[in-house]
**Q** 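Before anything else, here's the structure in question.
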Amino acid sequence: MNKRIAVLPGDGIGPEIVAGAVKILQTIGTLYSHQFELTFADIGGCATDKTGTPLPNETITICKNSDAILLGAVGGPQWDSLPVEKRPEQGLLKIRKALNLFANLRPTTCYESLAVASPLKKDIIEGVDLIVVRELTGGIYFGTPSERTVIDGKPGAVDTLQYKNEEIERVIEKAFEIARTRSKKVTSVDKANVLETSRVWREIANQVAEKYPDVLLEHMLVDNAAMQLIRNPKQFDVIVTENMFGDILSDEASVLTGSLGMLASSSLSEAGPYLYEPIHGSAPDIAGENIANPLATILSVSMMLRLSFQLDKEAAIIEEAVNNVLNKGYRTRDILSPNSTIVSTTEMVESVNKEIFELVASTHAL
């Protein structure tokens with residue numbers, strides 16, 4: 001298999017964790033005779049420093065000409081005072097629009113060996129396996145007007161929450177399609193008791209559900225969903241929701257795994273390449289210290305292999321290697337627990353890499 005991959009390391013710890021994930025990708029290529037052609041490009045604060053914009057046209061072109069995209073993280077305090085259009089986060093919003101990445105998938109799986117890293121009781125998180133499907137190109141993050149203005153003669157600000165029906169329908173359709181491959185349950189999260197956009201969202205969810213009679217649909221208000229994620233997360237299978245709610249709920253779900261450093265994600269388009277990234281930020285306070293957790297980025301590579309390239313066997317090997325490393329007690333400091341061995345970013349990558357070699361060798365021996 002020959003595939004072109006755009007690699008966007010970004011800011012902060014982005015280059016460190018992406019370097020580790022690329023090493024794992026190259027190992028898979030070597031062991032399974034795949035060729036992955038990597039093209040590196042800039043996004044975020046580093047792109048602003050070099051080109052004056054957080055998403056250069058060259059980066060968009062590289063991404064559009066690739067089969068998949070691997071992204072690290074963007075942002076940092078040194079860019080906080082810049083005009084909004086030059087800030088790193090705008091690079092993320094713009095690439096989502098440029099590539100029409102309308103659905104963000106954020107799976108949450110609780111590793112038994114990491115149960116002690118979560119502040120929640122083991123019996124609450126044990127066996128949790130859910131996925132948040134977040135609408136990614138609409139909602140309040142993209143609505144206009146979004147500006148500081150004068151309201152009733154006094155200084156204020158306005159952000160606009162808006163959705164087209166088709167934007168809602170396509171992401172809910174995707175959630176139902178995913179649910180059919182899992183436990184056949186969709187929880188649609190909204191704020192229909194207050195917001196008109198949520199009332200439309202609920203109506204469309206009901207219409208979509210009619211086409212999937214084998215999938216159970218339930219509705220839940222976002223405030224209740226936030227509570228239920230912590231109180232009884234095992235009730236969920238596929239959660240689908242709008243942009244801002246999905247951003248918040250999927251970050252909250254990281255508590256179930258013990259760390260944001262464990263959560264991978266994929267952003268899907270209708271026709272173009274998919275984008276893969278960890279859901280955590282750039283962590284500028286620890287950038288360059290070789291202590292960041294690379295596992296979410298490595299697991300994002302696993303999602304890439306499965307979703308973009310249909311390499312299920314290779315993806316499963318990575319996931320098994322990560323689980324084995326955790327079972328052996330290796331931990332970066334964000335998931336450190338009693339009787340475990342603390343390792344650096346590069347040491348964690350090497351541990352996963354070694355496991356992959358051993359797993360492939362044992363499989364071939366059989």
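Residues: numbered from 1 along the sequence shown.
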**Q** With heavy-atom distances below 4.5 Å as the criterion, would you say the side chains of Ile172 and Trp201 are in contact?
**A**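 Yes, their side chains come closer than 4.5 Å.
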**Q** Evaluate the criterion side-chain contact (heavy atoms from CB on, under 4.5 Å) for residue pair Glu319 and Arg306; output intermediate values, then yes/no.
**A** CA-CA 11 Å; Glu319 292 157 1; Arg306 178 173 281 115; 2.6 Å; yes
**Q** Are side-chain heavy atoms of Glu242 and Thr197 found at a separation under 4.5 Å?
**A**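 Result no, sub-4.5 Å side-chain heavy-atom pair not found.
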**Q** Report yes if some heavy atom in the side chain of Asp80 is under 4.5 Å from a heavy atom in the side chain of Arg87; otherwise report no.
**A**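 In short, these two side chains touch, coming nearer than 4.5 Å.
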**Q** Could you state whether Ile356 and Leu326 fall into the same hydrophobic cluster, counting links through intermediate Ile, Leu, Val, Met, Phe, Trp or Tyr residues with side-chain heavy atoms under 4.5 angstrom apart?
**A**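 Shared cluster, yes.
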**Q** Out of the candidates Glu218, Lys185, Gln228, only one should pair with Gln235 under the side-chain hydrogen bond (donor to acceptor under 3.5 Å, both in side chains) rule; please name it.
**A**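 Going through the options one by one, the only one that passes is Gln228.
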**Q** Please say whether more than 12 non-hydrogen atoms of neighbouring residues, nucleotides or ligands are located less than 6.0 Å from CZ in Phe176.
**A**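 Yes, because the 6.0 Å sphere around CZ of Phe176 holds more than 12 heavy atoms from other groups.
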**Q** Counting only heavy atoms from other residues, nucleotides and ligands, does the tally under 6.0 Å from CZ of Arg202 exceed 12?
**A**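 Enclosed: over 12 neighbouring heavy atoms sit under 6.0 Å from CZ of Arg202.
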**Q** Is there a donor-acceptor pair under 3.5 Å between the side chain of Thr345 and the backbone N or O of Ala292?
**A**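 Between the backbone of Ala292 and the side chain of Thr345 there is a qualifying donor-acceptor contact (under 3.5 Å).
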**Q** For the pair Thr59 (side chain) and Asp42 (backbone), establish whether a donor and an acceptor sit closer than 3.5 Å, ignoring hydrogens and angles.
**A**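 Looks like yes, one N/O pair under 3.5 Å.
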**Q** Locate the shortest heavy-atom distance separating Gly75 from Glu89; write the atom from each residue and the value.
**A**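 Taking Gly75 first and Glu89 second, the nearest heavy atoms are CA-OE2, 4.0 Å.
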**Q** To the nearest 0.5 Å, what is the distance between CD1 on Ile69 and CG on Leu101?
**A**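 One finds 6.5 Å between CD1 of Ile69 and CG of Leu101.
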**Q** Let me see the working for Leu70 and Leu25 under side-chain contact (heavy atoms from CB on, under 4.5 Å), right down to the final yes or no.
**A** CA-CA 11 Å; Leu70 178 64; Leu25 182 64; 5.6 Å; no
**Q** For a quick check under 3.5 Å, do Ser344 and Thr346 share a side-chain donor-acceptor pair by atom type?
**A**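 Yes, side-chain donor-acceptor contact under 3.5 Å.
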**Q** Give the minimum heavy-atom separation between Ala41 and Pro9, together with the two atoms involved.
**A**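 Shortest heavy-atom contact: O-CD, 3.6 Å.
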**Q** Quick one, Asn323 and Tyr111 - any side-chain contact, counting heavy atoms below 4.5 Å?
**A**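 Asn323 reaches Tyr111 side chain to side chain.
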**Q** Do Glu177 and Lys174 meet the salt-bridge criterion of a basic N to acidic O distance under 4.0 Å?
**A**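 Counted as a salt bridge, because a side-chain N and a carboxylate O are separated by less than 4.0 Å.
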**Q** Return the orientation label for the Phe36 and His34 ring planes: parallel under 30°, perpendicular over 60°, tilted otherwise.
**A**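 The arrangement is tilted - the two ring planes meet at 30° to 60°.
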**Q** Can a donor-acceptor pair be found, under 3.5 Å and without considering hydrogens, that links the side chain of Asp11 to the backbone of Gly44?
**A**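 The answer is no, because no donor-acceptor pair under 3.5 Å joins these two groups.
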**Q** Quick one: does Lys211's side chain get under 4.5 Å of Glu173's, heavy atoms only?
**A**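 In contact.
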**Q** Please determine whether a side-chain nitrogen of the Lys or Arg among Lys191 and Asp223 lies less than 4.0 Å from a carboxylate oxygen of the Asp or Glu.
**A**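 Looking at Lys191 and Asp223, the cut-off is met.
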**Q** Hey, mind stepping through Lys50 and Glu58 against salt bridge (Lys or Arg N to Asp or Glu O under 4.0 Å) and telling me if it holds?
**A** CA-CA 12 Å; Lys50 291 181 182 179; Glu58 181 184 5; over 6 Å; no
**Q** Do NZ/NE/NH1/NH2 and the carboxylate oxygens of Glu289 and Arg333 come within less than 4.0 Å?
**A**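 No, this pair does not count.
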**Q** Just wondering, do Leu217 and Ser188 contact through their side chains at under 4.5 Å, heavy atoms?
**A**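 The answer is yes; the side chains approach within 4.5 Å.
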**Q** Test Arg106 against Ser250 for side-chain hydrogen bond (donor to acceptor under 3.5 Å, both in side chains), laying out the working first.
**A** CA-CA 7 Å; Arg106 297 188 171 188; Ser250 55; 2.6 Å; yes
**Q** Take Glu196 and Ser198, measure what side-chain hydrogen bond (donor to acceptor under 3.5 Å, both in side chains) needs, and give me the verdict at the end.
**A** CA-CA 5 Å; Glu196 191 61 35; Ser198 282; over 6 Å; no
**Q** Hey, what do you get for CG (Asn293) to CG (Leu336), rounding to the nearest 0.5 Å?
**A**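 Answer rounded to 0.5 Å: 11.5 Å.
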**Q** Determine, using the 4.5 Å side-chain heavy-atom cutoff (strictly less than), whether Phe102 and Leu55 are members of one ILVMFWY cluster.
**A**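 They do not share one cluster, since no chain of ILVMFWY contacts under 4.5 Å joins Phe102 to Leu55.
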**Q** Would you say Leu136 ends up clustered with Ile204 if hydrophobic residues are merged whenever their side chains have heavy atoms under 4.5 Å apart, either directly or through other cluster members?
**A**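 No, it is not one cluster - the side chains of Ile204 and Leu136 are not joined through contacts under 4.5 Å.
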**Q** Ignoring hydrogens, what is the shortest heavy-atom contact between Arg180 and Pro213? Give both atom names and the distance.
**A**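 Looking at all heavy atoms of both residues, the closest pair is NH2-CD, 4.4 Å.
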**Q** After noting the C-alpha distance and the side-chain angles of Val360 and Tyr32, does the key distance pass the side-chain contact (heavy atoms from CB on, under 4.5 Å) rule?
**A** CA-CA 9 Å; Val360 173; Tyr32 289 95; 3.5 Å; yes
**Q** Closest approach of Ser267 and Glu277, non-hydrogen atoms and distance?
**A**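 That would be OG-OE2, 4.4 Å.
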**Q** Taking atom CD as the centre, does Glu112 end up with more than 12 heavy-atom neighbours from other residues, nucleotides or ligands that are less than 6.0 angstrom away?
**A**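 At most 12 heavy atoms, drawn from other residues, nucleotides or ligands, come within 6.0 Å of this atom.
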**Q** Quick one, Ser66 and Thr39 - any side-chain contact, counting heavy atoms below 4.5 Å?
**A**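 They are not in side-chain contact.
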**Q** Following the transitive rule for hydrophobic clusters with a side-chain heavy-atom cut-off under 4.5 Å over Ile, Leu, Val, Met, Phe, Trp and Tyr, establish whether Leu295 and Val128 coincide in one cluster.
**A**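 Yes, because Leu295 and Val128 connect within a single hydrophobic cluster, where side-chain heavy atoms sit under 4.5 Å apart.
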**Q** For Asn193, look at atom CG and say whether over 12 heavy atoms of other residues, nucleotides or ligands are found less than 6.0 Å away.
**A**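 Yes.
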**Q** Could you give me the CA-CA distance, side-chain angles and deciding distance for Asn165 and Val200, then say whether side-chain contact (heavy atoms from CB on, under 4.5 Å) is met?
**A** CA-CA 8 Å; Asn165 287 15; Val200 172; 3.5 Å; yes
**Q** Do Thr160 and Pro145 have side-chain heavy atoms sitting under 4.5 Å apart?
**A**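 Side chain of Thr160 against side chain of Pro145, heavy atoms only: contact under 4.5 Å found.
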**Q** Can you give me the closest heavy-atom contact between Ala68 and Phe309, atom names plus distance?
**A**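 The answer is CB-CZ, 3.8 Å.
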**Q** Is it true that Val349 and Ile317 fall in one hydrophobic cluster, defined by side-chain heavy atoms closer than 4.5 Å?
**A**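 In one cluster with Val349: Ile317, yes.
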**Q** For Leu359 versus Ala321, what's the shortest heavy-atom pair and its separation?
**A**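 Heavy-atom minimum between the residues: CD1-N, 3.7 Å.
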**Q** Using a cut-off of 6.0 Å, state whether more than 12 heavy atoms not belonging to Arg231 lie near its atom CZ.
**A**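 No, because the 6.0 Å sphere around CZ of Arg231 holds 12 heavy atoms or fewer from other groups.
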